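Before any comments, here is the structure.
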There are 2 protein chains.
Amino acid sequence: MEQKIRDSYGYLFEEDLIQEITKKGVLKEVKEGDLLIDIEDTITNIPLMLSGAIKISRIDEEGDELLLYFIEKGDVCAMTLTCCIGQSKSEIRAIAESDTEVLMVPVENMDLWLQKYSSWRSFVFESYNTRFSEMLQSIDSLAFMNMHERLIKYLREKVIVGKDMMVNTTHQKVASDLHTSRVVISRILKSLERENKIVIHRNNIQVLEF
Amino acid sequence: MEQKIRDSYGYLFEEDLIQEITKKGVLKEVKEGDLLIDIEDTITNIPLMLSGAIKISRIDEEGDELLLYFIEKGDVCAMTLTCCIGQSKSEIRAIAESDTEVLMVPVENMDLWLQKYSSWRSFVFESYNTRFSEMLQSIDSLAFMNMHERLIKYLREKVIVGKDMMVNTTHQKVASDLHTSRVVISRILKSLERENKIVIHRNNIQVLEF
DNA sequence: AGAGGATTGTAACTAAGGTCACACTAATCG
DNA sequence: CGATTAGTGTGACCTTAGTTACAATCCTCT
């Protein structure tokens, strides 16, 4: 396991910290589609990503979903970090986008590590920075882009996260992530296909160009 | 000045930290409408709010604006905090909503204080927490609410920040904050007036109920 | 008082996106 | 193997929001 930590965080963390993480962390493996964190959950561990990808989304009162961003190897869920400190509850939902390995580090270590390890401080703040940017991008998408553009952006992200130009999903799932209706997505996908940017298959969208 | 710091942060910070802030901080007074931070600005100081309010907004490539949230006495701009650590550039614009006093603390102190003062660590993370929540609220508004609801929410916030049921603004300014057109705002305001929730005056909107 | 700008009101129209209905096809399962 | 379900395609329609245009009013400055 130490090797996996080194793979993902070796270039970030100082030696002592890697030792501590190895000692305190517990490996957790989750399958695609598994729910890791739900709204209102109390956070007791900091999840450090070792492999795979996790989808972070926001849910409204009626249970409607909206994709915020993906986190991958070397990332940590910033939402979790704030929760750790403030002992508040999760405001987001985290679902495994693919089979994923995370290292669960108990919250108690957080405060001490912040004092002791400058690499931990950097990492934590770097994470916040990234996540803030990603939230701002979400806001930009919603405020300044139309559905056509948002869908293209979405497909791009799916290709990057899935490391595959063939995106395995259904129109309905895309619609949920973008908080719109299936019909709207089918309509725009069709127009993207006519523009030769994608090819639509059953349960798959093949991205040609981006 | 020490008294002002105590007023805003006395209950948060330990004695030594208050002394340090007093020593290192420089008072800055800005007038309503003044630009404090613009997109792409490099941040060299952490602004601690002493009085007044600041409007934080996001700007797209075409210069279109969108209100994100307000920060007030006892708050700190979380965006600034991330910038301090990462030495990156501002992704938001900060404009004084009213006459405002901020204490500018040079960035260099950040890392040391994080090690030394647990109250500073708590404060910094608490700030992140709040700001994260506020960003999520912005996202919720955009994704899940229609313009009518967003306008009501907006007026509520303006009343709270301005501490006055009489909101001093124009339809055009409201439209800019919500990233829509003046006509749309006038239309919805009229309907809110018909519902007896507000009274429209020239340059003022009187909020009756919410 | 009169000119000019800023602010607001409103009608008419357009566009984007959401809804409904239904047809069609591929996969699955008893 | 027929029945069922999930996924997709599409026309018709509705609603919300954005656009254009113009009138009316108020405010300021000369």
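These figures come from a predicted structure and were not determined experimentally. Numbered from 1 within each chain, the chains take letters A, B, ... in sequence-line order.
Residues that satisfy the ring pair (Phe, Tyr, Trp, His ring centres under 6.0 Å) test with Phe70(A), not counting sequence neighbours, are absent from this structure. Partners of Tyr69(B) according to the ring pair (Phe, Tyr, Trp, His ring centres under 6.0 Å) rule, which considers only residues two or more places apart in sequence or in another chain, do not exist here. Taking Tyr154(A) as the reference, nothing meets the ring pair (Phe, Tyr, Trp, His ring centres under 6.0 Å) condition, with sequence neighbours excluded. For His171(B), the ring pair (Phe, Tyr, Trp, His ring centres under 6.0 Å) test picks out no residue, with sequence neighbours left out.
Using a 3.5 Å distance cut-off with no hydrogens or angles, the side chains of Thr100(A) and Glu29(A) do not pair a donor with an acceptor. The closest side-chain donor-acceptor pair between Ser141(B) and Lys153(B) falls under 3.5 angstrom.
When DNA chain D is scanned in the 5' to 3' direction for atoms under 4.0 Å from non-hydrogen atoms of chain A, the outermost contacting nucleotides are dA6(D) to dA12(D).
Distance Ile205(B) CD1 to dT8(C) P: 8 Å, rounded to the nearest Å. Between the C1' atom of dT7(C) and the NZ atom of Lys173(B) lies a distance of 11 Å, rounded to the nearest Å.
By the 4.0 Å N-to-carboxylate-O rule, Lys28(B) lies too far from Glu101(B) to be salt-bridged with it.
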How does protein contact run along nucleotides 14-26 of chain C, one letter per nucleotide 5' to 3', with B for base contact, S for sugar-phosphate only, - for none, heavy atoms under 4.0 Å?
---BBBB----BB

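Using cut-offs of 30° and 60° on the angle between ring planes, the pair Tyr128(B) and Phe132(A) is tilted.
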